[in-house]
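What's counted below: heavy atoms across the whole structure, side chains too, no hydrogens, waters or symmetry copies. We're numbering straight along the sequence, starting at 1.
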Amino acid sequence: MQTETVLICSTAHFTAQDNQLLSTMATKDCFSSWVINIEYGYIIVLTNYRHRLLLLKSQGASKALRNFLITQIKFRHVSYVHFDCDAET
């Protein structure tokens, strides 16, 4: 059995521009398997994270968002990040 780590955090960790970008990416077939739009935020699947972070950068994601994700991957070994507008900051 494989165990994955999920971090639930507030959407306050990214900008309004990042919010719009993630919303757009979630509707495109090439991103929708790892950027998932849910009712109160997003789930980002971070398997193959180097490639996905480069894609986020190329699409215009803020450096703050990318650094946040890198920190979670390296220090908390997170596989999924669930950004929720009702989560604690």
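The minimum heavy-atom distance linking G41 with T11 is given by the pair CA-CG2, 4.4 Å. Taking every heavy atom of both residues into account, V81 and C9 meet most closely at CG1-SG, 3.8 Å. Pairing each heavy atom of A26 with each of S32, the nearest pair is O-CB, 3.3 Å. In this structure, N37 and S23 approach most closely via the heavy-atom pair ND2-OG, 4.2 Å.
Here the CG atom belonging to L56 is positioned 7.0 Å from the CG atom belonging to L21, to the nearest 0.5 angstrom. Of the inter-residue distances, the one linking T71 atom OG1 with R66 atom CZ reads 12.0 Å to the nearest 0.5 angstrom. One finds the CH2 atom of W34 at 9.5 Å from the CG atom of N48 (value rounded to the nearest 0.5 Å). To the nearest 0.5 Å, atoms NE2 (H13) and CZ (F83) are separated by 7.0 Å. For the atom pair OG (S10) and CG (D84), the distance works out to 8.0 Å, reported to the nearest 0.5 Å. Summarising the geometry, atom OG1 belonging to T15 is positioned 7.5 Å from atom CG belonging to L65; distances are rounded to the nearest 0.5 Å.
Both V6 and I70 are part of a single hydrophobic cluster, where members link through side-chain heavy atoms under 4.5 Å apart. Hydrophobic clustering of Ile, Leu, Val, Met, Phe, Trp and Tyr side chains at less than 4.5 Å, counting indirect connections, unites I43 with I8. Under the 4.5 Å side-chain heavy-atom criterion for Ile, Leu, Val, Met, Phe, Trp and Tyr, F68 and L54 are members of distinct hydrophobic clusters.
For the pair Y42 (side chain) and N19 (backbone), a donor-acceptor distance under 3.5 Å is present.
The one candidate from T5, L7, I73 that meets the side chain to side chain contact (heavy atoms under 4.5 Å, CB included) condition with L46 is I73. Screening V45, L69, V35 for a side chain to side chain contact (heavy atoms under 4.5 Å, CB included) involving R52 leaves a single residue, V45.
Inter-residue side-chain proximity for I44 and L22 is flagged as met; some heavy-atom pair is nearer than 4.5 Å.
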